[in-house]
Student: 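I have a structure here, written as C-alpha cells, and I will follow up with some questions on it.
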2 protein chains.
Amino acid sequence: MESHTPFSSGSIYIVIFVTLSTQSLLMISKKTKYALNALVHLAKKFEQGPVLISYISEQENIPQKFLEAILLDLKNAGILASKKGKGGGYYLIKPPEEVNVADVMRLLDGPIALLPCVTYKYYERCEECKDEETCGIRDVFMAVRNETVQILKQNTLASIIGKESVQK
Amino acid sequence: MESHTPFSSGSIYIVIFVTLSTQSLLMISKKTKYALNALVHLAKKFEQGPVLISYISEQENIPQKFLEAILLDLKNAGILASKKGKGGGYYLIKPPEEVNVADVMRLLDGPIALLPCVTYKYYERCEECKDEETCGIRDVFMAVRNETVQILKQNTLASIIGKESVQK
DNA sequence: ATAAACTATACCAAATTAGTAGACTTTTGG
DNA sequence: CCAAAAGTCTACTAATTTGGTATAGTTTAT
C-alpha cells in the first residue's frame with residue numbers, strides 16, 4: 001500500500017501567511033504619520049522650490065487624495081505654502097529647525113495626553129474621577145505627558161533628518 | 001409701543017451649556033480607566049474579602065455590565081479572583097506593589113507605543129516606511145515609548161494609593 | 001431550594017478613521 | 001489668450017472600534 005504522509009510527492013500545499021494589522025488605540029493616526037513623512041520630504045528640499053503632490057504621494061507611498069487634505073491642513077497651520085498652476089506644488093515655509101513633532105501631532109491628532117485631565121490646552125475633567133486634587137492615577141499620566149511632550153518638542157524636522165544620516 | 005428688547009421682563013430664556021467630550025485618538029480607553037479605578041478600589045481592601053461588582057460599580061461610577069467584563073479580563077489575567085454565590089464578589093490576589101499601570105494598559109488597550117514599529121511585544125513594520133534602520137521618525141517615537149513604559153512600570157496600585165494620601 | 005452573585009453570548013448605536021469621487025478654481029507657459 | 005496643469009472644496013462611504021445593553025444561564029452559600 002502506498003504511503004500518504006504529508007509532504008509526499010504529488011500533493012500541493014498552500015500556505016497562507018496572514019498579517020493582521022494591529023493599529024492599537026494609543027497609536028498616532030496614519031494622517032500624522034503621513035504628515036511627518038511628507039514634511040521630512042519637503043524639509044530635505046527646503047528652499048528649492050515647490051514639489052508636486054503627486055510626486056510626494058508616489059515617493060512616500062501616500063494615497064494622493066488623502067495627502068492633498070493633509071498638506072492643506074499643514075498649509076492652513078502656516079507650516080507649508082503652495083503654488084498653483086504649472087510648475088506649482090507645495091513647499092516648506094518654516095525652517096526645518098522650527099517644525100517640531102509635537103506641533104504636527106497636535107495639529108492632526110489633537111492633544112498629546114493619555115487622559116483628558118492632563119492635557120495642556122484642551123483640559124477637561126475626568127467624569128468618573130471623584131477628587132482630581134488627590135487622584136493618584138492622574139499623577140502617573142501627568143508624568144507621562146510631561147516626558148512625552150518634552151521629547152516630541154525637542155525633535156524637529158531638522159533633527160530627524162540629522163538622525164537619518166547616521167548609519168547604525 | 002411696547003419695547004421688546006432681549007432680556008425684557010416677561011420672557012423666558014433657556015441657556016444650554018454643551019460640554020463636548022473630546023476623547024482623542026491617543027488617549028487610553030474608558031475600559032482601562034475604569035479598570036484602574038476598580039483596581040485601586042480593590043487594592044485598598046486587599047486581603048479583606050470579596051467586594052460586590054454592584055458595589056464597585058456604584059462607588060466608582062462604572063456601568064455595572066461594562067465593569068463585569070473588565071473584572072473578568074482582570075481575573076483571566078491572574079490579577080483578580082472571584083467568589084460566586086451569596087457573600088461573593090471580586091478581590092485582588094496579587095499584592096498591590098506588584099500590579100503596575102503598564103501591565104493593566106497592555107491588557108486592556110494593547111501595546112504601549114505611538115507607532116507599530118516601536119512596540120516591544122507586538123512589533124510590526126510600518127508599511128510606508130522605506131528604511132527602518134535609518135528612520136529618524138522611528139527614533140523619536142522609540143524614545144517616547146521607552147520613557148513612557150518606564151514611568152508606567154514604576155507606578156503600581158500601591159504607589160498610586162500612596163500618592164493619594166498626600167494632600168497637595 | 002432559592003436567591004445572590006458571577007459568567008457567557010449576542011447584540012447594537014455612535015463615532016472615528018482612512019479613504020474615494022468629482023467638480024471647481026487658479027495660474028502660467030506656449 | 002487659452003488650455004492644461006495643479007491645487008481646493010464638498011460630499012460621500014466602508015470598515016472598525018468603543019462603549020455599552022440584554023438575556024440567559026451557572027454556581028454556591030445559607
Side-chain angles (χ1 to χ4, degrees), chain A residues 20-35 37-38 42 49-58 60-77 80-91 93 105 108-111 114 116 126-128, chain B residues 20-35 37-38 42 49-58 60-77 80-91 93 105 108-111 114 116 126-128:
Chain A
L20 39 147
S21 189
T22 52
Q23 168 89 5
S24 104
L25 173 66
L26 304 168
M27 294 185 186
I28 62 171
S29 67
K30 291 213 166 191
K31 211 168 178 181
T32 293
K33 231 192 309 183
Y34 288 154
N37 281 313
L42 290 174
V51 183
L52 283 181
I53 293 181
S54 60
Y55 182 74
I56 303 173
S57 154
E58 212 175 276
E60 302 296 331
N61 248 315
I62 307 171
Q64 173 154 351
K65 277 293 179 184
F66 199 25
L67 179 59
E68 287 178 13
I70 295 166
L71 295 178
L72 205 52
D73 281 346
L74 294 168
K75 178 187 168 183
N76 291 333
L80 301 181
S82 67
K83 199 174 168 233
K84 286 183 176 182
K86 218 171 211 171
Y90 271 95
Y91 54 96
I93 42 174
M105 278 183 62
L108 299 167
D109 276 349
L114 293 169
C126 288
E127 307 152 45
E128 56 287 329
Chain B
L20 38 146
S21 187
T22 52
Q23 167 89 6
S24 107
L25 173 66
L26 303 169
M27 294 185 186
I28 63 170
S29 66
K30 290 212 166 193
K31 210 169 179 178
T32 293
K33 232 192 308 182
Y34 288 153
N37 281 311
L42 290 175
V51 183
L52 284 181
I53 293 181
S54 59
Y55 182 75
I56 304 173
S57 155
E58 212 174 278
E60 303 296 331
N61 247 314
I62 307 170
Q64 174 155 350
K65 277 295 177 185
F66 199 25
L67 178 59
E68 287 178 13
I70 294 166
L71 295 178
L72 206 52
D73 281 345
L74 293 169
K75 178 187 170 181
N76 292 333
L80 301 180
S82 66
K83 199 173 166 231
K84 285 183 177 180
K86 217 171 212 172
Y90 273 96
Y91 55 96
I93 42 175
M105 278 183 62
L108 299 168
D109 276 350
L114 292 169
C126 288
E127 306 151 46
E128 57 285 330

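Here is the naming used below: chain letters follow the sequence lines, and residue numbers restart at 1 for every chain.
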Student: Nearest whole angstrom, please: distance from the P of C:dT17 to the CE of A:Met27.
Tutor: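 Distance, rounded to whole Å: 15 Å.
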Student: Can you measure B:Lys30 atom NZ to C:dA15 atom P for me and round it to whole angstrom units?
Tutor: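 Interatomic distance, NZ of B:Lys30 to P of C:dA15: 13 Å.
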Student: Grab the NZ-P distance between A:Lys33 and C:dT17 for me, whole Å please.
Tutor: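 One finds 14 Å between P of C:dT17 and NZ of A:Lys33, rounded.
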Student: For B:Ser57, enumerate each residue passing the side-chain hydrogen bond (donor to acceptor under 3.5 Å, both in side chains) test, keeping only those at least two apart in sequence or located in another chain.
Tutor: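 Partners of B:Ser57 under the side-chain hydrogen bond (donor to acceptor under 3.5 Å, both in side chains) test: none.
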Student: Calculate the interatomic distance between B:Asp73 atom CG and C:dT9 atom P; express it in whole Å.
Tutor: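 Rounding to the nearest Å, CG of B:Asp73 and P of C:dT9 are 13 Å apart.
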Student: Run the side-chain contact (heavy atoms from CB on, under 4.5 Å) test on A:Tyr90 and A:Val51 for me, step by step, so that the C-alpha distance in whole Å, both residues' side-chain angles and the decisive distance to 0.1 Å come before the verdict.
Tutor: CA-CA 5 Å; A:Tyr90 271 95; A:Val51 183; 5.8 Å; no
Student: Is a side-chain N or O of B:Asp109 found less than 3.5 angstrom from the main chain of B:Ile28, in a donor-acceptor match?
Tutor: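 Pair absent, no side-chain N/O of B:Asp109 close to backbone of B:Ile28.
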Student: In the 5'-to-3' direction, what one-character label does each nucleotide of nucleotides 5-11 of chain D receive under the scheme B = base within less than 4.0 Å of a protein heavy atom, S = sugar-phosphate only, - = no such atom?
Tutor: BSSBB--
Student: CG of B:Asn61 versus C1' of D:dG20: gap in Å, rounded?
Tutor: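 Checked: the CG to C1' distance equals 15 Å.
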Student: Rounded off to whole Å, could you give me the CG-to-P distance for the B:Leu67 and C:dA5 pair?
Tutor: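 That distance rounds to 15 Å.
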Student: Quickly work out the B:Tyr34 OH to D:dT18 C1' distance and round it to whole Å.
Tutor: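 One finds 11 Å between C1' of D:dT18 and OH of B:Tyr34, rounded.
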Student: Taking only N and O in the side chain of B:Tyr55, is any of them less than 4.0 Å away from OP1 or OP2 of C:dA5?
Tutor: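 So the side-chain polar atoms of B:Tyr55 never come under 4.0 Å of the phosphate oxygens OP1 or OP2 of C:dA5.
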Student: Can you confirm whether B:Leu71 sits close enough to B:Ile53 that some side-chain heavy atom of one is under 4.5 Å from a side-chain heavy atom of the other?
Tutor: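 Touching, per the 4.5 Å side-chain cut-off.
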Student: Answer yes or no: is there a donor N or O on one side and an acceptor on the other, between the side chain of B:Asp73 and the main chain of B:Leu108, under 3.5 Å?
Tutor: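 Side chain of B:Asp73 to backbone of B:Leu108: no pair is present.
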Student: In this structure, how many angstroms lie between the P atom of D:dT18 and the CD1 atom of B:Ile28, rounded?
Tutor: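 That distance rounds to 13 Å.
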Student: Hey, does B:Ser82 have a side-chain heavy atom less than 4.5 Å from the side chain of B:Tyr91?
Tutor: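 No, too far: nothing below the 4.5 Å cut-off.
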